[in-house]
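To keep things clear, I will list the structure first and then write my remarks on it.
Please read these numbers as outputs of a predicted model, since none were measured by experiment. Values reported hereafter were calculated over all heavy atoms of this structure, with side chains retained and with hydrogens, waters and symmetry mates removed.
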Amino acid sequence: MIVDRHDRRILDALQKDGSLTNSQLSDLINLSPSQCSRRRMALEEAGLVAGYHARLDAAKLGVKVRVIVRVNLRMHDRDTDKNFSAWLERQPEVQSAFSVSGDADYVLDVRVRDLERFSEFVHERLLIQPQVAQVRSDFVLRTLKDSEVLELGD
């Protein structure tokens, strides 16, 4: 799919506020509501819009501890990576997980209500995984920026 200037403007507006109606999009980008509707549907069908969600305030909901966890595996083969990735997918505390280069094999963004729940996650679930060799944790003291908004340019 070829993405033009109008499509980029629609994507930019939707990533900032996924609840916008086609009429509201129309006002923002100077296209008719029907054109916005057709373009939006095409962008969604092409997979450029992966989904819509509400962004919740974790602290106000009692999820106050955020930890960046670096994990090293014992060995590196396809089954080990596949099994660990599948295990990660089932862990609700793991908000994001990345296979990375550098001094860790994986970097996890973990969110829990309190230190006790983090301890349970690490000691009762993560460290007992047979493929895990080492875990290092960095507690987030303050969030300076936390955005998923992509710069699309014009």
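- Between the side chain of Gln129 and the backbone N or O of Leu126, no donor-acceptor pair lies under 3.5 Å.
- Listed by chain and residue number, Asp7, Ala42, Leu43, Ala46, Leu48 satisfy the side chain to side chain contact (heavy atoms under 4.5 Å, CB included) test with Met1 (two or more places apart in sequence, or in another chain).
- For residues 56-90, the pairs satisfying ring pair (Phe, Tyr, Trp, His ring centres under 6.0 Å) are Phe84-Trp87, Phe84-Tyr106, with sequence neighbours left out.
- Met75 belongs to no hydrophobic cluster with other residues, because no ILVMFWY side-chain heavy atom falls under 4.5 Å from its own, directly or through intermediates.
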Can Leu150 and Gln15 be said to form a side chain to side chain contact (heavy atoms under 4.5 Å, CB included), step by step? CA-CA 8 Å; Leu150 298 175; Gln15 74 177 337; 3.8 Å; yes
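- A distance of 8.0 Å separates SG in Cys36 from CZ in Arg39, rounded to the nearest 0.5 Å.
- A distance-only check finds a donor-acceptor pair linking the side chain of Gln24 to the backbone of Thr21 [under 3.5 Å].
- Under the rule for a side chain to side chain donor-acceptor pair (under 3.5 Å), Ser147 has no partner lying at least two apart in sequence or in another chain.
- Pairs engaging residues 124-149 under the ring pair (Phe, Tyr, Trp, His ring centres under 6.0 Å) rule: Phe118-Phe139 [sequence neighbours left out].
- Val110 is connected to Leu127 through a chain of hydrophobic side-chain contacts under 4.5 Å among Ile, Leu, Val, Met, Phe, Trp and Tyr, so both are in one cluster.
- Distance check, rounded to the nearest 0.5 Å: CG of Asn22 to CG of Asp27 gives 11.0 Å.
- The residues Arg9 and Asp4 are annotated as not salt-bridged, no charged nitrogen and carboxylate oxygen being separated by less than 4.0 angstrom.
- For the atom pair CZ of Arg66 and CD of Glu93, the computed distance is 14.5 Å after rounding to the nearest 0.5 Å.
- Checked against side chain to side chain contact (heavy atoms under 4.5 Å, CB included), Lys16 has the following partners two or more places apart in sequence or in another chain: Asp12, Val149.
- In this structure, CZ on Arg5 lies 9.5 Å from CD1 on Ile29, to the nearest 0.5 angstrom.
- Note: the hydrophobic cluster containing Met41 does not contain Leu25 (ILVMFWY, side chain heavy atoms under 4.5 Å, direct or indirect links).
- Every side chain to side chain contact (heavy atoms under 4.5 Å, CB included) that Leu56 has, sequence neighbours left out, goes to Ala54, Leu61.
- At distances below 3.5 Å, not a single donor-acceptor pair connects side-chain atoms of Arg111 with backbone N or O atoms of Lys64.
- Grouping Ile, Leu, Val, Met, Phe, Trp and Tyr by side-chain contacts under 4.5 Å, direct or through others, leaves Val63 on its own.
- Partners of Ser101 under the side chain to side chain contact (heavy atoms under 4.5 Å, CB included) rule, at least two apart in sequence or in another chain, do not exist in this structure.
- Here the NE2-CD1 distance, from His123 to Ile128, works out to 12.0 Å after rounding to the nearest 0.5 Å.
- Looking at Asp105, Asn72, Val71, Asn83 one by one, the single match for side-chain contact (heavy atoms from CB on, under 4.5 Å) with Gln131 turns out to be Asn83.
- Closest of all the heavy-atom pairs between Ala13 and Leu20 is O-CD1, 3.7 Å.
- Of all the heavy atoms in Arg8 and Leu152, the pair that sits closest is CD-O, 3.4 Å.
- Arg136 is not listed as a side-chain neighbour of Val69, based on a closest heavy-atom distance of 4.5 Å or more.
- Atom CG of Leu144 is surrounded by more than 12 heavy atoms from other residues, nucleotides or ligands within 6.0 Å.
- Each ring pair (Phe, Tyr, Trp, His ring centres under 6.0 Å) pair with one or both residues in residues 37-70, not counting sequence neighbours, would appear here, but there are none.
- Salt bridge Glu148/Arg55: absent, no basic N to carboxylate O contact under 4.0 Å.
- Annotation: salt bridge (Lys or Arg N to Asp or Glu O under 4.0 Å) contacts involving residues 67-82, sequence neighbours excluded, comprise Arg70-Asp103, Arg70-Asp138.
- Between the OG atom in Ser37 and the CG atom in Leu31 there is a gap of 12.0 Å [rounded to 0.5 Å].
- The other members of the hydrophobic cluster of Val107, by chain and number, are Ile68, Phe98, Val100, Val140 (side-chain heavy atoms under 4.5 Å, ILVMFWY only).
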